[in-house]
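If you're wondering where the values come from, they're calculated on a predicted model, not measured in any experiment. Throughout, a chain's letter reflects where its sequence line sits, starting with A, and its residues are numbered from 1.
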Amino acid sequence: MTERHPDDEALSAVLDGEGGDDDRIHVDGCAPCQARLAQFRGVSLAVGAAVPARADSEISAAVSRALAAAGASGGSGATRAAWAPAGRSAGRRRPNRTPPKAARLAAIAAIVVIVAGITSVIAVTSHHSRAKESSAASATIPRVAGAAGAAASAAAASGSTTTPPGGGPPSTPAPRTPSAASPALGNQSDPTVLAAALRAMEKDGSAGDAATFLSPPACTEPAASGAGLDPSSRPLLVAPLTWKGQDAQVLVFAVSGPTTSQRAVVVDADSCAVLVSFTL
Amino acid sequence: LLRSQYERVFAVCRRLTGNDADAADAAQESLIAIVRGLPRFDGRSRLSTWVYRIAVNASLDELRRRRRRPDLGLDGSFDFGAEKVSPGGSEGVADRLDIDAALLRLPVDFRAPVVLRDLCGLDYAEIAEVLDLPPGTVRSRISRGRAALVPLLGGNQSDTTLRPSTPT
């Protein structure tokens, strides 16, 4: 038996089967150390007590939501390392994660709308004189963007997801439009919760996943004004959401000053009226 | 695979977050991270270790987001205040409440290794891998975490009067 009592760290290691032989031998013949070891064992048993099992239905729902959410975000390619959980969303409960079937249907609907938009643009441009063909072509971008944006908004409102169509990069930096992450914003009513969702979106990188050729959204100017910024400010991020039951958009602007910050503005999707704005 | 992992993921999240609602959220995020990360899981660690790491990170993320329990300092001085949880009975609900309340009083840096050891049964090396800590730090934190939990669960804080550190 060692002459000195093992300290708590050594005793704890003995309990875990990771202590030294000398310490184990000491404890075997030392009543005070055995008493201390019994206290640690009591703690260990309490911490290790079984957590109540979850209902099968709850597990099934959680698994379905995980598969849907992971699939909607475009698979593993755009996500961070597995040990750094990503894809945070805003709501306390997230019962509305899109089922895979609905997501597929929404994606198909979005594609149909986009094709229809492109078709109409082609019809319009062909109707114009050849002399204006180049300018008409450049106007194609916002028109297609409008169709894509409508599809994204519709998909977001239905709780489903769409994958943004591919396309050439904009001639000027466009706001990030995280179509994959937008459904995660869901129905919001609390600026604090929405701020957390936006920060999470930025943190997990989902806001930057979507390549976009969208032109600045129509609500940029009133939103910037509502945030007390120069109306010509460009948003860093635009995402559709439902604010207290009505279709809306959230735009995030960089605010320069003594300290750099960001300001989020939620506007009505139709009227662009500012519903709420807050600093992130 | 996800179904088989859910129980262990939820258990870790439950112990670390201290309530069912936060644990469900953290477990949900864990499952999503597992689905996304599986294609890149290289098998260098055990699947369970990898899953635990995800669950711990999701729980920490949840705790940060909720900001329900600001962590106490890690300078070794546990400030448990006067609110001592009642000594544990033997019935399930009372025990769970007690252990949850007690665990939440531990800084999460101590809580996580204790939970991984006593709930999940990981050895020190595995816990070190999950938490990205040296094994010696794991050993120390488990010990200090347990020592802090003893009085919270109704035991005496220390037996130093019985176990003087002087040679016997």
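Using a cut-off of 4.0 Å between Lys/Arg side-chain N and Asp/Glu carboxylate O, A/E9 and B/R139 are scored as salt-bridged. In this structure, B/R146 pairs ionically with A/D16, as a charged nitrogen and a carboxylate oxygen lie closer than 4.0 Å.
Atom CD of A/E18 and atom OH of B/Y124 lie 5.5 Å apart (nearest 0.5 Å). For the atom pair OG (B/S143) and CG (A/L11), the distance works out to 8.0 Å, reported to the nearest 0.5 Å. To the nearest 0.5 Å, the span separating CG on B/L31 from OG on A/S64 amounts to 10.5 Å. If you take CD1 on B/I142 and CZ on A/F40, they are separated by 11.5 Å, rounding to the nearest 0.5 Å. Taken to the nearest 0.5 Å, the CG atom of B/L2 stands 5.5 Å off from the CG atom of A/L67. Going from atom OG of A/S12 over to atom CZ of B/R141 covers 14.0 Å, rounded to the nearest 0.5 Å.
Taking B/E129 as the reference, nothing meets the salt bridge (Lys or Arg N to Asp or Glu O under 4.0 Å) condition, with sequence neighbours excluded.
Taking every heavy atom of both residues into account, A/V47 and B/V115 meet most closely at CG1-CA, 4.0 Å. Residues A/A66 and B/I32 approach most closely at CA-CG1, 3.6 Å, considering heavy atoms.
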Quick one: do A/R54 and B/D20 satisfy salt bridge (Lys or Arg N to Asp or Glu O under 4.0 Å)? Show the steps, please. CA-CA 10 Å; A/R54 313 305 294 171; B/D20 283 340; 3.7 Å; yes
Please determine whether side chain to side chain contact (heavy atoms under 4.5 Å, CB included) holds for the pair A/Q39 and B/L149, giving the CA-CA distance in whole Å, both sets of side-chain angles, and the decisive distance to 0.1 Å. CA-CA 9 Å; A/Q39 290 183 328; B/L149 286 170; over 6 Å; no
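Counted by atom type alone, A/S60 and B/R3 present one or more donor-acceptor pairs between their side chains at under 3.5 Å.
For A/A10, the parts sitting under 4.5 Å from any heavy atom of chain B are the backbone and the side chain alike.
In this structure the side chain of B/V150 reaches within 4.5 angstrom of the side chain of A/R36, judged on heavy atoms. The shortest distance between side-chain heavy atoms of B/R144 and A/D8 does not fall below 4.5 Å.
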